[in-house]
Trainee: 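First, the structure itself, so that you have it in front of you.
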Amino acid sequence: MYKMSEKIKYLHLYILIFMIISQAYLYSHVYRNSPDFAVTGERSFTIIAANLYSDGKYSLGERDSGNNLITTTWRTPVFPIIYYAIYTMVGVGETANEIVRIIFLLFNMATIYMVYRIGNIFNYYTGCTAALLAIFDLSSFSWANNYEYPDTMLAFLMTLFLYYIIKFVQVNNSYLYILLSSFFLGMAALTKPVAYLLSLAIVLFLLLYLHKRKRFNMRKMFMCIMLFMSFQVVFVGGWKIRNYYATGNSDITSLQGQHLLFYNAAYLKAYQDGIPFVEASSGLSKKYLIIAHREGLSKADASTYYSNTAKNIIMSSLKDYLIVVFKRVPKLLLNSPPPEFLYSRADRDELRRELKIKDFGDIGSTVPALKILWFNGHFRSFVFLWGFIKGHLMLIYLMSLLGIILMFKNKHDKWILFLMLIILVYFIGLSSPVSHDRYRAPIMPVFYFLSGYCVTCLLGTVFLYNKKRIERCKRSL
């Protein structure tokens with residue numbers, strides 16, 4: 001779009017070098033001072049991997065009357081299989097956890113690089129800006145240090161999917177791009193099941209896009225849709241068939257029912273009844289866990305029962321549920337891990353003593369805690385750092401909103417805008433009621449790109465304005 005200066009044509013290399021140095025430094029600092037700051041105690045992925053390693057059974061460790069391990073559908077397979085592969089090399093233990101942490105940090109850096117590549121499809125400066133914004137997102141570094149949940153891996157796979165689907169739409173309608181986008185979306189669905197229904201929305205998008213492209217006949221449209229659905233059928237369909245033959249239930253995971261009922265539906269009940277979420281969730285748990293136990297339902301069948309119950313509760317009050325989703329969006333987008341991992345072990349322990357807590361999860365409200373640290377004087381840097389994290393996120397979202405407006409005005413980029421809005425609405429709609437900060441990991445690359453697009457357009461406008469002003473001055477002379 002604009003002529004590149006010799007001084008900044010290697011800007012992307014400087015940014016990538018800065019990314020590697022900063023990520024490596026933060027990793028070494030965390031490893032020395034607080035290696036387990038992001039760990040929550042979730043062990044289902046590692047338990048499944050350990051049973052695969054020791055007994056060759058995809059199981060959570062539950063046994064039947066014959067003392068045989070019971071096959072589980074609790075977790076989707078990609079992350080446990082990665083752990084299993086590492087266990088075969090180094091055995092079960094902390095070494096395996098540290099290897100996973102390093103892999104996740106590499107995934108995080110690869111995500112930043114792919115964000116640059118996505119932006120570079122549109123403009124070199126868009127890619128550089130988007131990558132720089134991603135580097136300074138300390139939340140993503142925090143998620144990468146959590147070796148118990150594969151959210152960083154999901155973000156990486158979703159970024160690869162986004163890259164190839166954008167290449168298909170914006171650069172070249174190649175069958176290879178549509179096939180690769182399907183592959184990475186299928187892998188994302190088997191990493192965390194939150195992604196598996198996105199394929200249906202993408203198929204509708206492709207049908208509309210290909211229909212508007214007049215040079216596509218019906219045969220080519222059919223070919224593109226079949227290629228895109230190929231890996232969805234193989235990966236997701238294959239896993240669902242496996243679950244059916246293993247347990248008699250074809251749900252992609254037996255966790256989804258509990259999640260829908262005891263979280264999504266519980267937030268709805270809490271809003272309707274004016275009670276705390278914990279009370280609403282506890283009430284639903286007591287009622288429906290007893291029913292499932294009385295009926296003798298297996299975990300998989302109980303999940304289906306919970307899922308159907310949750311859907312009935314939500315659909316009977318859809319308007320209220322949409323209000324709950326909307327009200328929880330700010331928490332999803334702005335919630336962030338505290339920057340305690342940037343401090344030494346001694347400072348972190350002193351900070352917790354000052355707040356009289358064992359862990360930052362024990363803080364009931366953030367504002368009073370920050371006031372205590374501010375008036376303490378010694379930890380004002382903590383307040384500034386947490387303010388930087390929040391301010392950085394708010395800046396990204398503000399620029400993303402402007403980026404959406406600017407893309408809408410550019411008719412050449414409207415299809416990409418439509419695609420990104422589909423992804424944002426899909427993930428926010430599913431993740432907003434629970435609103436854990438790591439649930440926004442797969443949509444952050446979209447926000448980085450939109451922000452980079454905004455900055456590039458605004459700087460381009462300033463550049464053109466100055467250029468025209470200089471030309472007018474020359475003519476007046």
Side-chain angles (χ1 to χ4, degrees), residues 8 11-12 14-16 18-19 22-23 26 108-109 111-116 118-120 122-144 155 158-159 162 326 328-339 341-342 366-367 370 374 380-410 413 416-417 420-421 423-425 427-428 431-432 435-463:
I8 59 174
L11 178 61
H12 67 290
Y14 302 144
I15 291 174
L16 294 176
F18 172 68
M19 172 193 73
S22 61
Q23 296 280 308
L26 286 173
N108 190 42
M109 288 191 281
T111 300
I112 295 171
Y113 174 70
M114 291 310 301
V115 165
Y116 158 74
I118 290 171
N120 198 43
F122 295 81
N123 185 280
Y124 175 76
Y125 303 102
T126 300
C128 291
T129 306
L132 199 59
L133 288 168
I135 291 171
F136 283 101
D137 188 355
L138 293 176
S139 295
S140 62
F141 175 80
S142 174
W143 304 328
M158 284 301 302
T159 307
L162 190 62
F326 182 76
R328 300 283 297 177
V329 166
K331 185 172 178 62
L332 173 68
L333 297 182
L334 291 174
N335 196 22
S336 61
F341 59 90
L342 299 175
T366 304
V367 175
L370 293 179
W374 179 263
R380 286 183 179 177
S381 60
F382 185 91
V383 180
F384 280 117
L385 285 170
W386 210 342
F388 168 78
I389 293 173
K390 302 288 188 183
H392 179 260
L393 288 171
M394 292 180 70
L395 179 64
I396 286 175
Y397 300 139
L398 176 61
M399 291 192 297
S400 296
L401 181 60
L402 293 174
I404 289 172
I405 296 171
L406 292 169
M407 286 191 81
F408 183 76
K409 291 182 177 181
N410 188 342
D413 298 335
I416 301 302
L417 175 60
M420 292 190 170
L421 290 177
I423 294 171
L424 290 177
V425 170
F427 277 104
I428 290 175
S431 305
S432 175
S435 300
H436 197 292
D437 58 86
R438 58 185 171 81
Y439 288 175
R440 70 170 181 268
I443 58 174
M444 287 311 297
V446 174
F447 286 120
Y448 300 145
F449 164 76
L450 290 172
S451 300
Y453 187 94
C454 167
V455 171
T456 303
C457 289
L458 293 179
L459 289 179
T461 302
V462 172
F463 172 79

Trainee: Grab the two heavy atoms, one from Ala155 and one from Thr111, that are nearest each other, plus how far apart they are.
Mentor: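 Between these two residues, the closest heavy atoms are C-OG1, 4.2 Å.
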Trainee: Ignoring hydrogens and geometry, is there a side-chain-to-backbone donor-acceptor pair from His392 to Leu133 under 3.5 Å?
Mentor: yes
Trainee: Distance from Phe427 atom CZ to Leu332 atom CG, nearest 0.5 Å?
Mentor: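 If I round to the nearest 0.5 Å, the distance is 11.5 Å.
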Trainee: Measure the shortest side-chain to side-chain distance between Leu421 and Ile404 over non-hydrogen atoms and say whether it is less than 4.5 angstrom.
Mentor: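 Yes, at least one pair of side-chain atoms sits under 4.5 Å.
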Trainee: Of all the heavy-atom pairs spanning Gln23 and Ile135, show the shortest one and how long it is.
Mentor: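 Smallest heavy-atom distance, with atoms named: NE2-O, 4.4 Å.
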Trainee: Is the backbone N or O of Pro337 less than 3.5 Å from a side-chain atom of Ser142, with the two atoms forming a donor-acceptor pair by type?
Mentor: no
Trainee: Does any part of the side chain of Tyr125, heavy atoms only, come nearer than 4.5 Å to the side chain of Val455, both counted from C-beta?
Mentor: no
Trainee: Looking at side-chain heavy atoms only, is the closest gap between Asp413 and Tyr453 below 4.5 Å?
Mentor: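 They are in contact (side-chain heavy atoms under 4.5 Å apart), so the answer is yes.
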Trainee: With rounding to the nearest 0.5 Å, note down the distance linking CG in Leu398 to SG in Cys454.
Mentor: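 SG of Cys454 is found 7.5 Å from CG of Leu398.
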Trainee: Which atoms form the tightest heavy-atom contact between Val115 and Ala131, and what is the distance?
Mentor: CG1-N, 4.1 Å
Trainee: Please say whether more than 12 non-hydrogen atoms of neighbouring residues, nucleotides or ligands are located less than 6.0 Å from CZ in Phe408.
Mentor: no
Trainee: Measure the acute angle between the ring planes of Tyr124 and His12, then classify it against the limits of 30° and 60° as parallel, tilted or perpendicular.
Mentor: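 Correct class here is perpendicular.
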Trainee: Can you tell me how far the OG atom of Ser432 sits from the OH atom of Tyr439, to the nearest 0.5 Å?
Mentor: 12.5 Å
Trainee: Nearest heavy-atom pair of Ile389 and Pro339: which atoms, and what distance?
Mentor: CD1-CB, 4.0 Å
Trainee: Taking side chain as C-beta onward, heavy atoms only, is Asp137 less than 4.5 Å from Leu393?
Mentor: yes
Trainee: I'd like to know if the side chain of Ser336 reaches the main chain of Ser139, judged simply by a donor and an acceptor atom lying under 3.5 Å from each other, with no hydrogens or angles considered.
Mentor: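 Side chain of Ser336 to backbone of Ser139, a donor-acceptor pair under 3.5 Å: no, none is there.
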Trainee: Any heavy-atom pair between the side chains of Leu26 and Leu138 that's under 4.5 Å?
Mentor: yes
Trainee: Quick one: pull up CG in Leu11 and CG in Leu16 and give me the separation to the nearest 0.5 Å.
Mentor: 9.5 Å
Trainee: Between Asp437 and Trp143, is there a side-chain donor-acceptor contact under 3.5 Å, judged purely by atom types and distance?
Mentor: yes
Trainee: With side chains defined as the heavy atoms from C-beta onward, is the minimum distance between Arg440 and Ile443 less than 4.5 Å?
Mentor: yes
Trainee: Show, in sequence, the C-alpha distance, side-chain angles and deciding distance for Leu450 and Met407, and conclude whether the side chain to side chain contact (heavy atoms under 4.5 Å, CB included) test is met.
Mentor: CA-CA 9 Å; Leu450 290 172; Met407 286 191 81; 3.6 Å; yes
Trainee: Using a 4.5 Å cut-off on heavy atoms from C-beta on, say whether the side chain of Met19 contacts that of Tyr116.
Mentor: no
Trainee: Less than 6.0 angstrom separating the ring centers of Phe136 and Tyr448, yes or no?
Mentor: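 Distance test on ring centres: not under 6.0 Å, no.
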Trainee: Do Met444 and Thr159 have side-chain heavy atoms sitting under 4.5 Å apart?
Mentor: no
Trainee: What distance do Met109 atom CE and Met114 atom CE have between them, rounded to the nearest 0.5 Å?
Mentor: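 Output value for this atom pair is 15.0 Å.
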Trainee: Tell me if a side-chain donor or acceptor on Tyr397 pairs with a main-chain N or O of Leu333 at a distance below 3.5 Å.
Mentor: yes
Trainee: Donor-acceptor pair, distance only, cut-off 3.5 Å: does the side chain of Ser451 make one with the backbone of Met399?
Mentor: no
Trainee: Rounded to the nearest 0.5 Å, what separates atom OH in Tyr113 from atom CG in Asn120?
Mentor: 8.5 Å
